[in-house]
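Please read the structure below before turning to the comments.
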2 protein chains.
Amino acid sequence: MELSPTAYVILGMLGWRPMSGYEVKSIVDKSTRFFWAASYGQIYPELRHLAAAGLIEGKASPQGGRKRNVYRLTPAGRKQLRAWLDTDPEVYELRDEALLKLLFADATGAEAAAATLEAKRRTHEQIVQRLKAIEATGKPEGFAYLVLRYGIEFNQWNAGWCERTRRALEDEAANQRRTA
Amino acid sequence: MELSPTAYVILGMLGWRPMSGYEVKSIVDKSTRFFWAASYGQIYPELRHLAAAGLIEGKASPQGGRKRNVYRLTPAGRKQLRAWLDTDPEVYELRDEALLKLLFADATGAEAAAATLEAKRRTHEQIVQRLKAIEATGKPEGFAYLVLRYGIEFNQWNAGWCERTRRALEDEAANQRRTA
DNA sequence: GGTTGCATGTAAAACGTTACATGATTTT
DNA sequence: AAAATCATGTAACGTTTTACATGCAACC
């Protein structure tokens, strides 16, 4: 039974406690979003798929007149989750348009490169702010906190690199003007 | 004319010098691979697409009896490349299965978490080694060198975080044993 | 003569986002 | 009364990988 990593996002969260697809999505947006995004277009079909495979069980739990399906792990699902956790991680992918623009910046020059660096710095800075806001509203327990700290420190490092590199470019440009 | 970022990988490389699809792929594997991968399944169709759009021009340049198509930027293609370089980067995506496993590690415990951290550390360490090997065989010029340095420092930071965190987990476990 | 590298391409499958559609409930 | 939030889902589209298919040339 080969599952996609996104299926394990669902399995992992249902391992914390039973929840609806809507809840899975809102927790994804507060936790995995910065290193593993997932949309409704993936979550709802995947819930059905996992239920059909017997790894989770759905139960209609309407809140008033508002329909709602709460899913929970089956013993088979928990076993599958543990087996996945016990194997080495495989997927590691990065897509960073800013680095692409930096790589080709010879075609436009140092000013465009500085603008790209500044935009990338802002992106990382914004993520730091959002993650710190999450940390402030009640820090998560256990390993979730470790991952949150990673997110903050990782993005701070990135923002710092952009800042240092932009300054180095500016100093270089200033030196060239002085020497010329 | 909306192009995918992968199309700009091609445009950017043809901005350096004319080359074949095969060459584009081999340079991708030596440069953008760690932040923007591209396969033959994308490159060859995209070359045709860009040629049809008048942004690049292909010319049959066989080497002996071996067929070969070399492409170069048209003035319209260079204009398009510069316009893209002058706009702020948008795509920034990360997919890291290791962080996912770490997030859910409560279900298995500290040992599995340590193994995940160690696997992630190895991944980053290997990338550092490959990038350093590229640096040793003739460092690239201009902005390409900046991007290479980013790759090395970024992966070193990541490997370091994994190492520090794994040690912190071990110390914590040791303290608990002592207190218990 | 075999392996590696150069060279081009396609087809199917997997993966993922976006936009759309619908409707109830809670908060302002 | 309007806006935000809860809640579920689908369809179309775009992107990307993987596997397959082919063949020449250079080196060992």
Side-chain angles (χ1 to χ4, degrees), chain A residues 1-10 13 18-30 32-53 56 58-71 90-97 100, chain B residues 1-10 13 18-30 32-53 56 58-71 90-97 100:
Chain A
M1 221 172 337
E2 277 284 307
L3 297 177
S4 66
T6 300
Y8 289 105
V9 174
I10 294 173
M13 289 191 178
M19 58 180 96
S20 67
Y22 185 84
E23 266 186 288
V24 168
K25 167 67 172 155
S26 69
I27 294 178
V28 159
D29 286 343
K30 279 177 208 140
T32 71
R33 184 194 189 177
F34 302 108
F35 57 89
W36 207 286
S39 60
Y40 287 124
Q42 282 173 278
I43 291 167
Y44 286 114
E46 195 65 56
L47 283 168
R48 295 200 161 186
H49 175 224
L50 290 170
I56 64 175
K59 195 177 128 194
S61 315
Q63 295 271 298
R66 189 195 273 162
K67 72 174 172 180
R68 185 158 166 269
N69 287 301
V70 171
Y71 293 86
E90 279 171 19
V91 183
Y92 176 73
E93 277 159 38
L94 184 62
R95 299 236 138 195
D96 190 339
E97 201 182 356
L100 218 48
Chain B
M1 220 171 338
E2 277 285 307
L3 296 178
S4 67
T6 300
Y8 288 105
V9 174
I10 295 172
M13 289 192 178
M19 58 181 96
S20 68
Y22 185 84
E23 266 187 287
V24 167
K25 168 67 172 155
S26 70
I27 294 178
V28 159
D29 286 343
K30 278 178 209 140
T32 72
R33 184 193 189 177
F34 302 107
F35 56 90
W36 206 286
S39 59
Y40 287 125
Q42 283 173 279
I43 291 167
Y44 286 114
E46 194 65 58
L47 283 168
R48 294 198 163 187
H49 176 224
L50 290 171
I56 65 175
K59 194 176 126 194
S61 315
Q63 295 271 298
R66 190 196 275 162
K67 72 175 170 179
R68 184 157 165 270
N69 287 301
V70 170
Y71 294 86
E90 280 171 19
V91 182
Y92 176 74
E93 278 159 38
L94 186 60
R95 298 235 141 199
D96 190 340
E97 201 183 355
L100 219 47

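Quick note on labels: first sequence line is chain A, next is B, and so on, each numbered from 1.
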Please confirm whether the shortest side-chain N or O distance from [X] to OP1 or OP2 of [N] is below 4.0 Å.
{"X": "B/Y44", "N": "C/dT8", "result": "yes"}
{"X": "B/S39", "N": "D/dT16", "result": "no"}
{"X": "B/R48", "N": "C/dT10", "result": "yes"}
{"X": "B/S20", "N": "C/dT8", "result": "yes"}
{"X": "B/T6", "N": "D/dT16", "result": "yes"}
{"X": "A/Y22", "N": "D/dC6", "result": "yes"}

Is any side-chain heavy atom of [X] less than 4.5 Å from a side-chain heavy atom of [Y]?
{"X": "A/S20", "Y": "A/E23", "answer": "yes"}
{"X": "A/Y44", "Y": "A/Y22", "answer": "yes"}
{"X": "A/V24", "Y": "A/Y71", "answer": "no"}

Let me know the distance between [atom1] of [X] and [atom2] of [N], rounded to the nearest Å.
{"X": "A/F35", "N": "C/dG16", "atom1": "CZ", "atom2": "P", "result": "14 Å"}
{"X": "A/N69", "N": "D/dC6", "atom1": "CG", "atom2": "C1'", "result": "13 Å"}
{"X": "B/Y40", "N": "C/dA11", "atom1": "OH", "atom2": "P", "result": "19 Å"}
{"X": "B/K59", "N": "C/dA7", "atom1": "NZ", "atom2": "P", "result": "15 Å"}
{"X": "B/E2", "N": "C/dT18", "atom1": "CD", "atom2": "P", "result": "14 Å"}
{"X": "B/E23", "N": "C/dA7", "atom1": "CD", "atom2": "P", "result": "7 Å"}
{"X": "B/L47", "N": "C/dG9", "atom1": "CG", "atom2": "C1'", "result": "11 Å"}
{"X": "B/M19", "N": "C/dT8", "atom1": "CE", "atom2": "P", "result": "12 Å"}

Checklist outcome for this item: Walking DNA chain C from its 5' end, the first of A/Q42 and A/R66 to be reached, judged by nearest nucleotide, is A/Q42
Item to check | 5′-ward residue of the pair B/Q63/A/W36 relative to DNA chain C | outcome: B/Q63
Item to check | Test side chain to side chain contact (heavy atoms under 4.5 Å, CB included) applied to A/V9 and A/E46, step by step | outcome: CA-CA 10 Å; A/V9 174; A/E46 195 65 56; over 6 Å; no
Item to check | CA sep, side-chain torsions, deciding dist, call: A/Y92, B/L94, side chain to side chain contact (heavy atoms under 4.5 Å, CB included) | outcome: CA-CA 8 Å; A/Y92 176 73; B/L94 186 60; 4.3 Å; yes
Checklist entry - Mapping A/R95 and A/P45 onto DNA chain D by nearest heavy atom, which one lands closer to the 5' end? => result A/P45
Checklist entry - Considering heavy-atom distances to DNA chain D, does A/E93 or A/V70 have its closest nucleotide positioned more toward the 5' end? => result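 Looking at the nearest nucleotide for each, A/V70 comes out on the 5' side.
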